[in-house]
Engineer: 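Mind looking over this structure? Questions follow.
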Amino acid sequence: MQLIDPFSLSEEARGSDVVRASEPMPVHAWVQFPTFLHRVKGFATAWTTDAVLVEWGWQGRKQEAWIWRSGVRHRELRGRDRAANR
């Protein structure tokens with residue numbers, strides 16, 4: 001199965017004032033792929049004023065993309081998710 005690459009914002013669009021997270025933060029994010037939009041459970045690892053770098057697992061591999069901040073929401077880790085993130 002071929003891995004489908006998500007769209008990611010360019011440096012010009014996201015801004016160069018990148019802040020790196022000291023610890024990944026759990027988020028839900030709307031990710032745009034070539035032919036569809038998909039909401040993923042992922043982790044924010046960096047951000048700018050306008051965008052967030054989100055990492056998630058899909059099709060057995062780690063993926064990441066810069067996404068407009070408005071497409072990202074915090075989420076709570078519960079039970080197994082919390083244990084797996086340690």
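Bear in mind that the values here come from a model prediction, so they are computed numbers and not experimental data.
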Engineer: Do V40 and W30 pass the side chain to side chain contact (heavy atoms under 4.5 Å, CB included) test, and can you show the C-alpha distance, the side-chain angles, and the key distance before you say yes or no?
Structural biologist: CA-CA 6 Å; V40 301; W30 285 103; over 6 Å; no

Engineer: Compare every heavy atom of Q32 with every heavy atom of L37, then report the nearest pair and how far apart it is.
Structural biologist: CD1-OE1, 3.5 Å

Engineer: Could you tell me if the side chain of V27 sits less than 4.5 Å from the side chain of V52, heavy atoms only?
Structural biologist: no

Engineer: Just say parallel, tilted or perpendicular for the rings of F33 and W56, cut-offs at 30° and 60°.
Structural biologist: perpendicular

Engineer: Quick one: does E23's side chain get under 4.5 Å of F43's, heavy atoms only?
Structural biologist: no

Engineer: Examine W66 together with F7 and report whether their ring centres are nearer than 6.0 Å.
Structural biologist: no

Engineer: Would you give the length of the straight line joining atom CZ of R20 to atom OG1 of T45, rounded to the nearest 0.5 angstrom?
Structural biologist: 6.5 Å

Engineer: Quick one: do W58 and I67 end up in the same hydrophobic cluster if we chain Ile, Leu, Val, Met, Phe, Trp and Tyr together by side-chain heavy atoms under 4.5 Å apart?
Structural biologist: yes

Engineer: Quick check: closest heavy atoms across G15 and T48, and the distance to 0.1 Å?
Structural biologist: O-CG2, 3.6 Å

Engineer: Carefully, step by step, assess K62 and E55 under the rule side chain to side chain contact (heavy atoms under 4.5 Å, CB included).
Structural biologist: CA-CA 7 Å; K62 182 183 111 176; E55 294 182 356; 3.7 Å; yes

Engineer: Minimum heavy-atom separation for E64 to P6, with atom names?
Structural biologist: O-CG, 3.9 Å

Engineer: V54, L9: one ILVMFWY side-chain cluster at the under-4.5 Å cut-off?
Structural biologist: no

Engineer: Measuring from R61:CZ to I4:CD1, what's the distance to the nearest 0.5 Å?
Structural biologist: 11.5 Å

Engineer: Would you say K41 and P26 make side-chain contact, with heavy atoms under 4.5 Å?
Structural biologist: no

Engineer: Any donor-acceptor pair under 3.5 Å linking the side chain of R69 with the backbone of W47?
Structural biologist: no

Engineer: Could you check whether R39 and H28, counting side-chain N and O atoms only, form a donor-acceptor pair closer than 3.5 Å?
Structural biologist: yes

Engineer: Would you say V72 ends up clustered with L53 if hydrophobic residues are merged whenever their side chains have heavy atoms under 4.5 Å apart, either directly or through other cluster members?
Structural biologist: no

